[in-house]
Amino acid sequence: MATARIYQEGKSSMQSGRARAGRWVLQHESSEAKRADPLTGWTGSGDTRDQISLAFPSLEAARAYAEKHALDYHVVPAATRTLKLQTYADNFK
């Protein structure tokens, strides 16, 4: 049976705002090991499901999709973000 991973997408290091930062993503886990291509050296596998990434507005929507399509899934807890408050003058202490 296919397994999937559900996690909350974090803010990218290339963006300053939080657009698309709170959405939930469902990704299939690879069912076979990746192997190196002898000609190019790139890694790959015959399983194309790990290339699919589905975005959902909430965790409940992602779980409902997984249960509707009979996917075994596990939820990865979101990382907590800590905000370090600092003034400009603290740079010169």
Side-chain angles (χ1 to χ4, degrees):
M1 181 172 279
T3 59
R5 175 174 50 121
I6 299 174
Y7 64 95
Q8 191 170 22
E9 197 170 39
K11 186 180 94 156
S12 168
S13 61
M14 298 300 293
Q15 68 187 79
S16 60
R18 295 185 194 225
R20 295 189 219 144
R23 67 183 183 172
W24 289 84
V25 178
L26 183 140
Q27 282 186 337
H28 292 276
E29 293 183 349
S30 184
S31 61
E32 64 182 55
K34 297 199 184 277
R35 59 190 179 282
D37 183 33
L39 181 61
T40 62
W42 293 2
T43 58
S45 69
D47 185 19
T48 58
R49 285 184 299 180
D50 61 350
Q51 299 174 5
I52 298 172
S53 176
L54 301 173
F56 296 94
S58 67
L59 175 60
E60 291 79 23
R63 282 184 172 166
Y65 177 85
E67 290 169 0
K68 179 181 177 185
H69 294 281
L71 297 173
D72 287 336
Y73 65 91
H74 63 277
V75 178
V76 178
T80 58
R81 184 171 177 252
T82 59
L83 182 64
K84 181 180 174 186
L85 296 176
Q86 167 177 331
T87 63
Y88 181 71
D90 291 339
N91 293 331
F92 302 102
K93 286 185 178 179

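Bear in mind that the values here come from a model prediction, so they are computed numbers and not experimental data. Note that the numbering runs from 1 along the sequence shown for the chain.
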Rounded to the nearest 0.5 Å, what's the gap from CD on Glu9 to OG on Ser53? Could you check? 7.0 Å
Output for pair (Leu54 CG, His69 NE2), nearest 0.5 Å, gives 8.5 Å
May I have the list of side-chain donor-acceptor pairs in residues 60-68 shorter than 3.5 Å, sequence neighbours left out?
{"unit_1": "Glu67", "atom_1": "OE2", "unit_2": "Tyr73", "atom_2": "OH", "d": "3.0"}

Could you walk me through whether Trp24 and Ile6 pass side chain to side chain contact (heavy atoms under 4.5 Å, CB included), step by step? CA-CA 7 Å; Trp24 289 84; Ile6 299 174; 3.9 Å; yes
Begin from the C-alpha positions of Leu26 and Phe56 and carry the test side chain to side chain contact (heavy atoms under 4.5 Å, CB included) through to its verdict. CA-CA 8 Å; Leu26 183 140; Phe56 296 94; 3.8 Å; yes
Search all heavy atoms of Ala36 against all heavy atoms of Gly41 and return the closest pair with its distance. CB-O, 4.3 Å
Heavy-atom pair with the smallest gap, counting every atom of Ser45 and Ala33: CB-O, 3.9 Å
Value rounded to 0.5 Å, distance of CZ in Arg23 from CG in Leu59: 15.0 Å
Does Glu29 form a side chain to side chain contact (heavy atoms under 4.5 Å, CB included) with His74? I'd like the steps, not just the answer. CA-CA 11 Å; Glu29 293 183 349; His74 63 277; 2.6 Å; yes
Return the CG to CZ distance between Asp72 and Arg5, rounded to the nearest 0.5 Å. 15.5 Å
According to a 4.5 Å side-chain heavy-atom criterion applied to Ile, Leu, Val, Met, Phe, Trp and Tyr, with indirect links allowed, do Ile52 and Val76 form part of one hydrophobic cluster? no
